[in-house]
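Note sheet for the following structure.
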Amino acid sequence: GYDLTVADEGDIRLNLDPQLDMNSEGYRLEVGKNGVEVTSKTPQGLFYGMQSFMQLLPAEIESSEKVDGIEWSVPYVNITDEPRFAYRGIHFDPCRHFMTVDEVKKQLDVMAMYKINRMHWHLTEDQGWRIEIKKYPKLTEIGGKRMEGEGYEYGGYYTQEEVKDIVAYAAERFITVVPEIEMPGHEMAAIAAYPELSCKGEQGVVRSIWGIEDIVLCPGKESTFEFFENVLKEVMELFPSEYIHIGGDECPKVRWKSCPKCQARIKALGLKSDAKHTKEERLQSYMIAEATKCLNEKGKQIIGWTEILEGGLVPGATLMSWIGESGGIEAARQHHDVIMTPNTYMYFDYYQSKQVEDEPLAIGGYLPIEKTYNYEPMPKELTKEEQQYIKGVQANLWTEYIPSFSQVQYMILPRMGALAEVQWSDPSRKDYKDFLTRIPRLTAIYDCYDWTYATHVFDVNVDIKADTVKHVLSVQLSTMANDPIYYTLDGQDPTEESAKYTGPFTIDKDAILKTMAVHPSRTSKISIDTIRFNKATLKPVKLLQPNQESFSPDGPVVLVDGRRGNHSFDTGAWVAVAGNDLEAVIDMQGETTLSSATIHVYVRKDAWLFDAKKFSVAVSCDGKNYKEVASQDYPAMQPSDGDTIAEHKLSFQPCKAAYVKIKVASEKRMPEWHLNAGLTPYLLVDEIILN
């Protein structure tokens, strides 16, 4: 709302100094009695220095309207600052749910404030082709639309002129747009437009549901390579980025195995299977190598997801490590550049709260802001030389369950602030508690811009630990700013008249714990933890077979802590096994009469979470000799089975037991109908109830 003039001298001075002792994005910001001075080697560094200066101003000045009565003042400071990583990215996916040009620009505005310099723009998918390619108009005419519900057509795409406009808008903010054009999987939108690109050439439709499609590009046909080369040529003309992302992820190869043309190509190239890679995986590597040649001819480099390791990395490829960190570690050891974007720390489509019932529907997982903030991108497994290949960090936001831009912002803010400090700051300078003190200032800026954001950091942090020695749940409550907390145990909503939290307390019977914090400017959401005791609750429990410890850091005690897991598999509530069965022994600490046993299994096929194959209960008086008292087999899962938390209950004649052995048999291989057929699924079990 204010007009600023540019003069030879003024209160704000911007200086370019090629001799400055820092990298090209660094800056020096000095605020003193003589005004404001920003110095950098480059205009980009000056831009970042001004971002910091503007964040020092009162937040209200960020408003689009003039604010009367607000003093334009900042504290005296002397800041020398430069980023740790050269590549600082965030991923933007309009394929599943389309975002307008204005919304893309709003995303770029947020990125600029956080000094993020790469927007990874995901433009092609099974659910929609979102970029105009003039040589292939049907890519957007047919591939840019899908049918949903009762004949509802959903679509949208960016014209090449709109792409140029967005790229220029980003460049003004020193953001490079990295386009992603998927190959050879996730191509159903392209195949719907040009069926001849697939192995069988059958007519398909743009996919309307999420997941992985096994109809993919056919590398046995020369026309496939011609198509992709032509597409890349138009894309390269639009994007000055040094990188073009070619995807390479989640490509089922079942069609290639039975395709005569693909097998002929494999034979002609002399591709062989070995202990590390199948010949079909090597065929994918050949496709990526051909795309790389096309890009290299124009001075471009490729980036691909973790799966481009399949069949071997092509020379010069940069890897985005999303399936944890192992792919990035392997690529760095091979002296390939790596962008770390592990789903365990950097997937912003994961839930931000354990109370998923109160959240917009998400893809699953649980990623609180603290976990993102505390991520260290330099794997300790790498040598100093190998660590040099870790070039940057990126967060990803897939939009399968995010239909609007306001929800995009809800999922990224304020987590983007945590991301930015991982990308920019030296780890020795990071401090999560200090970061939390800056959150209110960030949210004040969000309010001025009318950005949507999550407020979980203002809520009560509820830490409940099970104590099987004292047979109690120990409860500790805290808030970001040590605000007063009020709680109830009877299910009533707390008020400022309720019990005030003064220190840790215990729970030893059924309760519905509700908590609330009162901030000067807001009242937090009410958190709810339901605790239901049964005869197994808080009894000692041990596992007889290995489990996936990352799912339940507190150990098997979560099976008997009186709290049931919900529709997020990353909250620590679920005990997981893979490739073996779950077998737990509960010490009843004395003979106890029992007549039923219940377990809960989280079922979600697309996340590889399968239901139990069998459930059995055995009892013992001495912990050595067991007698089975009940068992039940369950039918194999079918494609039509929905996602659920399955409850399995076995009733039996009343009997006395000092020890109870619960065995839950898992599915060892995913069936042929699953897109990941043959791989090992997970079995997730939570609360065991004995009565």
Side-chain angles (χ1 to χ4, degrees), residues 463-475 506-511 529-566 569-602 612 614-632 645-650 652 655-666 682-691:
D463 185 21
I464 301 178
K465 299 293 185 187
D467 187 334
T468 58
V469 176
K470 296 180 180 178
H471 301 291
V472 297
L473 293 170
S474 298
V475 182
T506 60
I507 296 174
D508 61 1
K509 58 186 177 182
D510 287 1
D529 288 271
T530 301
I531 296 122
R532 291 286 181 254
F533 276 61
N534 63 82
K535 292 186 177 182
T537 305
L538 299 177
K539 297 295 196 300
V541 58
K542 64 179 181 179
L543 298 177
L544 303 183
Q545 297 193 42
N547 71 303
Q548 305 288 313
E549 295 180 1
S550 61
F551 281 83
S552 48
D554 289 343
V557 71
V558 299
L559 292 168
V560 293
D561 65 355
R563 299 183 295 154
R564 296 187 190 180
N566 58 24
F569 50 78
D570 265 352
T571 59
W574 296 97
V575 172
V577 297
N580 56 279
D581 300 327
L582 183 139
E583 204 167 1
V585 171
I586 300 168
D587 180 356
M588 302 303 293
Q589 298 186 313
E591 288 196 347
T592 305
T593 300
L594 300 172
S595 61
S596 71
T598 303
I599 60 168
H600 300 87
V601 179
Y602 187 9
K614 184 178 181 179
F615 171 29
S616 63
V617 182
V619 298
S620 171
C621 292
D622 58 8
K624 298 177 181 177
N625 302 297
Y626 283 88
K627 176 186 177 183
E628 186 175 286
V629 293
S631 69
Q632 177 71 54
I645 294 178
E647 181 176 274
H648 299 300
K649 182 175 182 179
L650 296 177
F652 42 87
C655 62
K656 291 187 179 296
Y659 299 88
V660 178
K661 183 186 291 184
I662 299 291
K663 185 172 182 180
V664 189
S666 69
Y682 294 94
L683 171 73
L684 267 60
V685 178
D686 184 33
E687 204 60 19
I688 296 173
I689 298 173
L690 299 178
N691 281 315

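Keep in mind that what you see is a predicted model, and the values were worked out from it rather than measured.
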For residues A573 and D686, report the shortest heavy-atom separation together with the two atoms involved. O-OD1, 2.8 Å
Report the distance from atom OG1 of T537 to atom CD1 of I531, rounding to the nearest 0.5 Å. 10.5 Å
Give the intermediate values and the outcome of side chain to side chain contact (heavy atoms under 4.5 Å, CB included) for residues M588 and V619. CA-CA 10 Å; M588 302 303 293; V619 298; over 6 Å; no
Restricting to non-hydrogen atoms, name the atom on P546 and the atom on V577 that form the minimum distance, rounded to 0.1 Å. O-CG1, 3.5 Å
Roughly how far, to the nearest 0.5 Å, is the CG atom of D587 from the OG1 atom of T592? 9.5 Å
Are Y682 and F551 close enough that their ring centres sit under 6.0 Å apart? yes
Please test R563 against D561 for salt bridge (charged side-chain N to carboxylate O under 4.0 Å, His left out), starting from the C-alpha separation and ending with a verdict. CA-CA 6 Å; R563 299 183 295 154; D561 65 355; 3.6 Å; yes
What are the two closest heavy atoms between G572 and V558, and how far apart are they? O-CG1, 3.5 Å
Under a 4.5 Å cut-off applied to non-hydrogen side-chain atoms, are V601 and L683 in contact? yes
D467 side chain to L473 main-chain N or O, any donor-acceptor pair under 3.5 Å? no
Would a 4.5 Å heavy-atom cut-off, applied to side chains only, mark V585 and K661 as touching? yes
Enumerate the ring-ring contact (aromatic ring centres under 6.0 Å, His included) contacts for residues 572-593, please, sequence neighbours excluded, ordered by first and then second residue. W574-Y602
Taking all heavy atoms of P556 and all of V541, pick out the closest pair and write down the distance. O-CG1, 3.5 Å
Would you confirm whether K663, through its side chain, and K614, through its main-chain N or O, come within 3.5 Å as a donor-acceptor pair? no
With sequence neighbours excluded, give me every salt bridge (Lys or Arg N to Asp or Glu O under 4.0 Å) pair touching residues 544-560. K465-D554
Verdict with reasoning, H648 to Q632, per side chain to side chain contact (heavy atoms under 4.5 Å, CB included): CA-CA 9 Å; H648 299 300; Q632 177 71 54; over 6 Å; no
When you compare the side chain of C621 with that of E591, does any pair of heavy atoms fall below 4.5 Å? yes
Distance (rounded to the nearest 0.5 Å) between D581 CG and S616 OG: 9.0 Å
Got a sec: does the NZ of K539 have more than 12 other heavy atoms crowding it under 6.0 Å? yes
At what distance, to the nearest 0.5 angstrom, does CD1 of I586 lie from CG of L559? 7.5 Å
About how many Å separate NE2 of H600 and CD1 of I645, when rounded to the nearest 0.5 Å? 8.5 Å
Spatial distance of atom CG (N547) from atom CG (N580) [nearest 0.5 Å]: 8.5 Å
Heavy-atom nearest pair, I662 first then A597, reads CD1-CB, 4.3 Å
Mind listing the closest non-hydrogen atom pair of H471 and L538 along with its distance? ND1-O, 2.9 Å
Does any non-hydrogen side-chain atom of R532 lie less than 4.5 Å from one of E687? no
